[in-house]
K.L.:
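Encoded as structure tokens, here's the structure I'll be asking about.
Chain identifiers are assigned alphabetically (A, B, ...) following the order of the sequence lines, protein sequences preceding nucleic acid strands; residue numbering begins at 1 within each chain.
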There are 2 protein chains.
Amino acid sequence: MGITKTEGFSEETNKMAEVLKALGHPARLSIMEYLAKSPSCVCGEIVDELPLAQPTISRHLSELKKVGLIKGNIDGKNICYCINEEGWNGVKDFVANLSGILESKNSCCK
Amino acid sequence: MGITKTEGFSEETNKMAEVLKALGHPARLSIMEYLAKSPSCVCGEIVDELPLAQPTISRHLSELKKVGLIKGNIDGKNICYCINEEGWNGVKDFVANLSGILESKNSCCK
DNA sequence: TTCCCATATTGCAATATTAGAATATGATGA
DNA sequence: TCATCATATTCTAATATTGCAATATGGGAA
């Protein structure tokens, strides 16, 4: 079917899955890494940096934006993209939370 | 095309993207949450827990296994699935690392 | 052995994703 | 105004993903 079933899962699970899915692509992950490291964040630089055509990158950017992982500020002709800390913190918290649960119990498989 | 371009990205980026992609599905994320919380981890319980048919869950389990997020121990007729801490730590470290970089610089977008 | 039980695999059909060419938009500068 | 630059959108073909029915596998019990 290709369609992802979301009924029966909690709202948070579905939301987090969408965010993680957005991160689960080399180009989008690279964009996040680049934005985290780079002092500046103009769209054009990302296009220069990645081995993909401009329209493809534009689409990936909009996908990251859709799930709230990045935000863009229009700056004249350019658009300055940055990591949306609020969105990223959602991921961070989720991972920390699951890690905490894991640590508090021992695995039943060896 | 539907094919994800991986040339031009680092090995680690591609690997991490695969892992995050595996997490980026409500059923698979739920499985991870369930395995983290549950004291036991028999496959059948997961099938009972999730609103999906057994073959579908089996596929999701094998996908999680493929990227190293879980492992399974055969236990008589049953299979006992657990989170593979090594694999999970990869995610944890990645997130912590990016968070660290983020904290050490201020966003250029407001 | 034969019959269950638990899990995996196969084989679809439906839908989603991906990449890039072509094109559109929208701002700035001449 | 018109040309140019930066980015977004649209379109299309190729491929991937998803879900489930049907079936296979493989272990234990009778």
K.L.:
May I ask you to decide if Cys80(B)'s main-chain N or O and Asn73(B)'s side chain share a donor-acceptor pair within less than 3.5 Å?
P.N.:
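Flag not set: sc Asn73(B) to bb Cys80(B) has no pair under 3.5 Å.
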K.L.:
Using every non-hydrogen atom in the two residues, find where Ile70(B) and Met32(B) come nearest and quote the distance to one decimal.
P.N.:
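Heavy atoms of Ile70(B) and Met32(B) come nearest at CG2-SD, 3.7 Å.
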K.L.:
When rounded to the nearest 0.5 angstrom, what distance separates NZ in Lys5(B) from OG1 in Thr56(A)?
P.N.:
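Spacing of NZ (Lys5(B)) from OG1 (Thr56(A)) equals 8.0 Å.
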K.L.:
Could you state the interatomic distance from SG (Cys43(B)) to NZ (Lys77(B)), rounded to the nearest 0.5 Å?
P.N.:
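Separation between the atoms: 14.0 Å.
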K.L.:
Let me know the distance between CD1 of Ile74(A) and C1' of dG26(C), rounded to the nearest Å.
P.N.:
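Roughly 9 Å, once rounded to whole Å.
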K.L.:
Let me confirm one number: the CG-CD1 distance from Leu52(B) to Ile31(B), rounded to the nearest 0.5 Å.
P.N.:
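Taking CG in Leu52(B) and CD1 in Ile31(B), the distance rounds to 8.0 Å.
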K.L.:
Compute the angle between the rotation axes at the two ends of the helix from dT1(C)-dA30(D) to dA30(C)-dT1(D), each taken over five pairs, rounded to 10 degrees.
P.N.:
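One end axis against the other gives 10°.
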K.L.:
Which pairs with one or both residues in residues 23-47 of chain A pass salt bridge (Lys or Arg N to Asp or Glu O under 4.0 Å), sequence neighbours excluded?
P.N.:
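Found Arg28(A)-Glu63(A).
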K.L.:
According to a strict under-4.0 Å criterion, is Tyr81(B) in side-chain N/O contact with OP1 or OP2 of dA8(C)?
P.N.:
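For Tyr81(B), the contact criterion (side-chain N or O under 4.0 Å from OP1 or OP2 of dA8(C)) is met.
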K.L.:
If every non-hydrogen atom of Ser30(B) is compared with every non-hydrogen atom of Leu50(B), which pair is closest and at what distance?
P.N.:
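Of all heavy-atom pairs spanning Ser30(B) and Leu50(B), the closest is CB-CD2, 3.8 Å.
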K.L.:
Quick test: give all pairs of protein nitrogen or oxygen and nucleotides 14-20 of chain C nitrogen or oxygen below 3.5 Å, distance rounded to 0.1 Å.
P.N.:
unit_1: dA14(C); atom_1: N3; unit_2: Met1(A); atom_2: N; d: 3.2
unit_1: dA14(C); atom_1: N3; unit_2: Met1(A); atom_2: O; d: 2.4
unit_1: dA14(C); atom_1: N3; unit_2: Gly2(A); atom_2: N; d: 3.2
unit_1: dT15(C); atom_1: O4'; unit_2: Met1(A); atom_2: O; d: 2.5
unit_1: dT17(C); atom_1: OP1; unit_2: Lys21(A); atom_2: NZ; d: 2.8
unit_1: dT17(C); atom_1: O2; unit_2: Gly2(B); atom_2: N; d: 3.4
unit_1: dT18(C); atom_1: OP1; unit_2: Arg28(A); atom_2: NH2; d: 3.3
unit_1: dT18(C); atom_1: OP2; unit_2: Arg28(A); atom_2: NH1; d: 3.2
unit_1: dT18(C); atom_1: O3'; unit_2: Ile3(B); atom_2: O; d: 3.2
unit_1: dT18(C); atom_1: O2; unit_2: Met1(B); atom_2: N; d: 2.1
unit_1: dT18(C); atom_1: O2; unit_2: Gly2(B); atom_2: N; d: 2.4
unit_1: dA19(C); atom_1: OP1; unit_2: Lys5(B); atom_2: N; d: 3.1
unit_1: dA19(C); atom_1: OP2; unit_2: His60(A); atom_2: NE2; d: 2.6
unit_1: dG20(C); atom_1: OP1; unit_2: Lys5(B); atom_2: NZ; d: 3.1
unit_1: dG20(C); atom_1: OP2; unit_2: Ala53(A); atom_2: N; d: 3.2
unit_1: dG20(C); atom_1: OP2; unit_2: Thr56(A); atom_2: OG1; d: 3.4
unit_1: dG20(C); atom_1: N7; unit_2: Thr56(A); atom_2: OG1; d: 3.3

K.L.:
Under the salt bridge (Lys or Arg N to Asp or Glu O under 4.0 Å) rule, what pairs show up with a residue in residues 13-25 of chain B, not counting sequence neighbours?
P.N.:
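Of all non-adjacent pairs touching residues 13-25 of chain B, none passes salt bridge (Lys or Arg N to Asp or Glu O under 4.0 Å).
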K.L.:
Whole angstrom is fine here: how far is it from NZ in Lys66(B) over to C1' in dA16(D)?
P.N.:
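Taking NZ of Lys66(B) and C1' of dA16(D), I get 11 Å after rounding.
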K.L.:
First locate atom CG of Leu64(B), then atom CZ of Arg59(B), and finally report the distance between them rounded to the nearest 0.5 Å.
P.N.:
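One finds 13.0 Å between CG of Leu64(B) and CZ of Arg59(B).
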K.L.:
At their closest point, which heavy atom of Thr13(A) faces which heavy atom of Leu29(B), and how far apart are they?
P.N.:
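In this case the closest contact between Thr13(A) and Leu29(B) is O-CD2, 3.6 Å.
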K.L.:
Do any N or O atoms of the protein come closer than 3.5 Å to N or O atoms of nucleotides 2-6 of chain C, and which pairs are they?
P.N.:
unit_1: dA6(C); atom_1: O3'; unit_2: Asn78(B); atom_2: OD1; d: 3.4

K.L.:
Can you tell me how far C1' of dC20(D) sits from CG of Leu61(B), to the nearest Å?
P.N.:
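Result: 16 Å.
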K.L.:
Could you tell me the separation between the CG atom of Asp75(A) and the P atom of dG26(C), rounded to a whole number of Å?
P.N.:
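It works out to 18 Å between those atoms.
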K.L.:
Give the rounded distance in Å between these two atoms: CD1 of Ile57(A) and P of dA6(D).
P.N.:
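Value for this atom pair: 14 Å.
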K.L.:
State whether the distance check finds a donor on one side and an acceptor on the other, under 3.5 Å, for side chain Gln54(A) versus base dA6(D).
P.N.:
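No, no donor-acceptor pair under 3.5 Å.
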K.L.:
Determine which pairs satisfy salt bridge (Lys or Arg N to Asp or Glu O under 4.0 Å) with at least one residue from residues 86-102 of chain B, sequence neighbours left out, and list them in order.
P.N.:
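Output for this query lists Glu103(A)-Lys92(B).
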K.L.:
Write down the distance between CG (Leu64(B)) and C1' (dA8(C)), rounded to a whole number of angstrom.
P.N.:
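Value for this atom pair: 15 Å.
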